[in-house]
Amino acid sequence: MANKLINQMGLPRSIANIFAARNINTAKEALSLTEFELMELLDVGLSEVASAVAHISEIASPPYQTVLSLMEQRLQNEHLAGHLSTCLKGLDEALFGGIPFGVLTELVGPAGIGKTQFCLKLSFLAALPPSYGGLAGRVIYIDVESKFSSRRMIEIGMRSFPDVFQKKDMAKEMAGRILVLRPASLSEFTESLHKIKVSLLEQEIKLVIIDSMAALITGEYEQGAPKQHSLGWHISFIKSIAEFARIPIVVTNQVRSRNRNEVSHYSFQGLSSSEIQECSSGYDSHLVAALGVHWAHSVTIRLVLEAKSGQRFIKLAKSPMSPPLAFPFSITSSGISLLSDNGKELSGAEINEIHCQGHSDIISYQLGKQQ
């Protein structure tokens, strides 16, 4: 609005012509001068200058908004943007409907904690008819580590939505909506991304899953941390796909050991100096998300899956719409299930610390099986 032309603001023609004659053409140029400077430059009286400045300010300045109107506008935008429900009530409520469209959502955690189980269920949910809360679309599943199990996905679907599978050929139809790609290298993955962008235009793609991003760049690691430059193009391209197609993109990430001098917080969390000190000393978790800070700032939603004291938790560690929360969960024949819909609010170092305590003791649901 600062560059809006004065001759388009509805000022009286006489005063508008004087502004133009003095080469003051935009609101910014006029409002950068005091009223007395304008009086001298325009050679008009104070009342005329004050009236013109007030009019220009009113037109150029954005209108005031109440907190209520901003909240209503945000809720409306969230509704229009859309979400993919996870069918986990507490998590969906915290995310205002589920996995949001148009942004990157990250699942991070140690091997075997349940990341792929989560992705399999999301794949099935995206393929479901709208009458069951699904998106009735196709899914592109980039299976980097060959963990995708069609049998397990169908089992999750049958246990979660038995009514759907009573319909003839429904299992076959649902499985046919999920397209699996298995790139063997970062270069093949790059080719897959280009194919995805074309597929978005040709097919009804409603979800993209990359499981896992970190596995693609294992060879790019240097002293436990990834080389950021190797991910720059891929991060930008993946985000552009999400924004262009207005679909959810879910990416899994692995964990790595934390360096001695590294703290487990990011600048977007705005921790106090005392909390930062707490992060860097006295911690009992030596695991952090792989892929580094650049990647962490690129994802909109970060879900951390961990195990602590023999119990699994899914933590909403980063979200623009919710405080950090932790939900206990288990893995059953129907996939991930929350043990409580009431999330525990987190603060300080516990937001991004990733625990793996007692994890080997609680993997009770063996598929014979994959994650």
Side-chain angles (χ1 to χ4, degrees), residues 84 86 88 91 95 98-100 103-126 139-150 152-153 156 178-186 188-190 192-193 196 207-221 226 230-231 234-235 237-239 241-242 247-256 287-292 294-307 312-319 327 329 331 335-336 352 354-356 359 363 367 369-371:
L84 170 60
T86 66
L88 303 174
L91 184 60
L95 292 172
I99 306 298
V103 299
L104 301 189
T105 295
E106 176 194 38
L107 301 177
V108 57
I113 194 67
K115 302 188 298 295
T116 297
Q117 299 281 341
F118 200 113
C119 291
L120 291 175
K121 188 159 189 175
L122 288 180
S123 298
F124 181 83
L125 292 170
V139 178
I140 293 180
Y141 197 115
I142 301 181
D143 182 27
V144 179
E145 299 181 284
S146 298
K147 290 184 177 181
F148 182 88
S149 169
S150 56
R152 173 59 176 147
M153 188 198 69
I156 289 173
I178 299 171
L179 314 174
V180 180
L181 300 176
R182 285 181 169 152
S185 65
L186 195 58
E188 287 187 18
F189 174 68
T190 303
S192 297
L193 290 180
I196 287 173
L207 172 66
V208 174
I209 291 177
I210 304 171
D211 183 18
S212 85
M213 191 71 182
L216 283 165
I217 60 166
T218 301
E220 301 290 331
Y221 276 62
S230 64
L231 278 177
H234 298 87
I235 292 172
F237 196 85
I238 293 168
K239 290 183 70 173
I241 291 175
I247 62 172
I249 293 186
V250 178
V251 181
T252 67
N253 189 6
Q254 299 172 352
V255 296
R256 62 176 176 82
L287 299 177
V288 294
L291 299 182
H294 186 191
W295 173 262
H297 283 276
S298 298
V299 300
T300 300
I301 306 294
R302 167 171 278 183
L303 300 175
V304 175
L305 281 70
E306 66 172 5
R312 299 187 199 217
F313 292 90
I314 182 167
K315 298 194 299 191
L316 179 54
K318 181 186 178 185
S319 167
F327 300 88
F329 77 93
I331 297 179
I336 286 180
N352 281 293
I354 302 175
H355 299 271
C356 202
H359 178 49
I363 304 179
L367 292 170
K369 286 173 184 172
Q370 300 161 342
Q371 197 175 359

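Counting begins at 1 with the first residue of the sequence. Given the structure is predicted, the values throughout are model-derived calculations rather than measurements.
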Which atom names give the shortest non-hydrogen contact between [X] and [Y], and what distance separates them?
X: Cys119; Y: Tyr141; answer: CB-OH, 3.5 Å
X: Leu104; Y: Lys239; answer: CD1-CG, 3.6 Å
X: Leu207; Y: Pro248; answer: CD1-O, 3.4 Å
X: Arg302; Y: Ala289; answer: NH2-CB, 3.5 Å
X: Val139; Y: Ala126; answer: CG2-CB, 3.7 Å
X: Leu303; Y: Ile99; answer: CD1-CD1, 4.5 Å

Ile336 and its side chain to side chain contact (heavy atoms under 4.5 Å, CB included) partner, picked from Leu305, Leu122, Ile314: Leu305
Criterion side chain to side chain contact (heavy atoms under 4.5 Å, CB included) against Met213, the qualifying member of Val108, Val251, Val144: Val251
Close side-chain approach of Arg152 to Gln117, heavy-atom, < 4.5 Å: yes
Heavy-atom check, side chain of His234 versus side chain of Trp295, under 4.5 Å: no
How many angstroms lie between atom [atom1] of [X] and atom [atom2] of [Y], to the nearest 0.5 angstrom?
X: Ser212; Y: Leu291; atom1: OG; atom2: CG; result: 8.0 Å
X: Ile140; Y: Ile178; atom1: CD1; atom2: CD1; result: 12.0 Å
X: Phe148; Y: Met153; atom1: CZ; atom2: CE; result: 5.0 Å
X: Ser298; Y: Glu106; atom1: OG; atom2: CD; result: 10.0 Å
X: Leu316; Y: Phe327; atom1: CG; atom2: CZ; result: 7.0 Å
X: Glu145; Y: Lys115; atom1: CD; atom2: NZ; result: 7.5 Å

Do the side chain of [X] and the main chain of [Y] share a donor and acceptor less than 3.5 angstrom apart?
X: Asn253; Y: Ala290; result: yes
X: Lys147; Y: Thr116; result: no
X: Glu306; Y: His355; result: yes

Val250 and Leu84: CA distance, side-chain angles, deciding distance, side chain to side chain contact (heavy atoms under 4.5 Å, CB included) verdict: CA-CA 11 Å; Val250 178; Leu84 170 60; over 6 Å; no
Thr252/Phe118 under side chain to side chain contact (heavy atoms under 4.5 Å, CB included): CA gap, chis, key distance, verdict: CA-CA 10 Å; Thr252 67; Phe118 200 113; over 6 Å; no
